[in-house]
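Report on one structure; see the data block that follows.
Note: hydrogens, waters and symmetry copies are ignored here, and every other heavy atom, side chains too, is used. Numbering starts at 1 and runs along the sequence shown.
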Amino acid sequence: QVHLVESGGGLAQAGGSLSLSCTISGRTFSDHVMGWFRQAPRKAREFVAAISWSGWRTYYADFVKDRFTISKDNAKNKDTVYLQMNSVKPEDTAIYYCAAREDGKDADPQVMAFPKRVDYWGQGTQITVSS
């Protein structure tokens with residue numbers, strides 16, 4: 001069984017920064033695309049960003065481009081993905097979910113841009129941005 005464990009998040013003022021991390025563990029016999037979705041109250045879960053297992057390919061939702069950065073440090077820990085959130089806005093307030101999809105090492109991370117294409121989910125972590 002595969003597990004995704006998130007850490008980070010919390011509160012920030014508009015214009016500030018937050019960071020998230022997610023570690024995959026368990027019966028991970030495959031490489032994975034890893035990424036993040038978010039869900040605000042009364043809204044559908046939406047894609048935020050994803051990264052290939054190699055770390056070489058990334059894909060972002062338009063609303064986070066130039067503000068959020070997804071990354072991996074495979075030399076340090078290939079099982080962990082990071083999301084650096086800068087210039088956060090009140091509309092970034094949501095529960096952020098780590099996600100993973102079994103795929104090739106250099107698979108196009110855009111393949112995981114829809115919730116139905118996700119194989120594994122984290123438990124979610126709250127991000128709240130005040131104005």
Side-chain donor-acceptor pair present, Thr23, Thr80, cut-off under 3.5 Å: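 Present: a donor and an acceptor within the cut-off.
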
Smallest separation among heavy atoms of [X] and [Y], with atom names:
X      : Y      : value
Gln126 : Ala94  : NE2-O, 3.4 Å
Pro109 : Ser52  : CB-N, 4.1 Å
Ala14  : Ser131 : CB-CA, 4.3 Å
Ala107 : Arg57  : C-NH1, 3.8 Å
Ala100 : Met112 : C-SD, 3.7 Å
Ala12  : Ser17  : CB-O, 4.3 Å

Measure the [atom1]-[atom2] distance between [X] and [Y] for me, rounded to the nearest 0.5 Å.
X     : Y      : atom1 : atom2 : result
Trp36 : Ile70  : CH2   : CD1   : 8.0 Å
Trp53 : Lys105 : CH2   : NZ    : 10.5 Å
Arg38 : Arg45  : CZ    : CZ    : 13.0 Å
Leu18 : Thr125 : CG    : OG1   : 9.5 Å
Lys72 : Trp56  : NZ    : CH2   : 11.0 Å

Side chain to side chain contact (heavy atoms under 4.5 Å, CB included) between Leu4 and Met34, intermediate numbers included: CA-CA 10 Å; Leu4 299 175; Met34 295 184 69; 4.2 Å; yes

Tell me whether [X] shares a hydrophobic cluster with [Y], the cluster being built from Ile, Leu, Val, Met, Phe, Trp, Tyr side chains joined at under 4.5 Å.
X      : Y      : value
Val111 : Val118 : yes
Phe37  : Ile127 : no
Trp121 : Ile95  : yes
Val64  : Val81  : yes
Tyr97  : Leu20  : no

All side chain to side chain contact (heavy atoms under 4.5 Å, CB included) counterparts of Ser130, not counting sequence neighbours: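 Here the qualifying residues are Gln13.
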
Salt-bridge contact Asp92-Lys89 (side-chain N to carboxylate O under 4.0 Å):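 Here Asp92 does not pair with Lys89 in a salt bridge, since their nearest N and O are not under 4.0 Å apart.
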
Any donor-acceptor pair under 3.5 Å from [X] side chain to [Y] backbone:
X     : Y      : answer
Asn74 : Ser54  : yes
Glu6  : Gln123 : yes
Arg67 : Ser87  : yes
Tyr82 : Asp73  : no

Derivation and outcome, side chain to side chain contact (heavy atoms under 4.5 Å, CB included), residues Glu91 and Phe63: CA-CA 10 Å; Glu91 50 264 44; Phe63 57 78; over 6 Å; no

Phe114 atom CZ: more than 12 heavy-atom contacts under 6.0 Å: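 Counting neighbours around CZ of Phe114, 12 or fewer heavy atoms of other residues, nucleotides or ligands fall under 6.0 Å, so no.
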
ring-ring contact (aromatic ring centres under 6.0 Å, His included) partners of Tyr96, counting only residues at least two apart: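 Scan of Tyr96 (ring-ring contact (aromatic ring centres under 6.0 Å, His included), adjacent residues dropped) gives none.
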
pair Tyr59-Val48: side-chain heavy atoms closer than 4.5 Å: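 No, their side chains stay 4.5 Å or more apart.
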
Counterpart residues, salt bridge (Lys or Arg N to Asp or Glu O under 4.0 Å), relative to Arg101 (two or more places apart):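 So Arg101 forms a salt bridge (Lys or Arg N to Asp or Glu O under 4.0 Å) with Asp103.
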
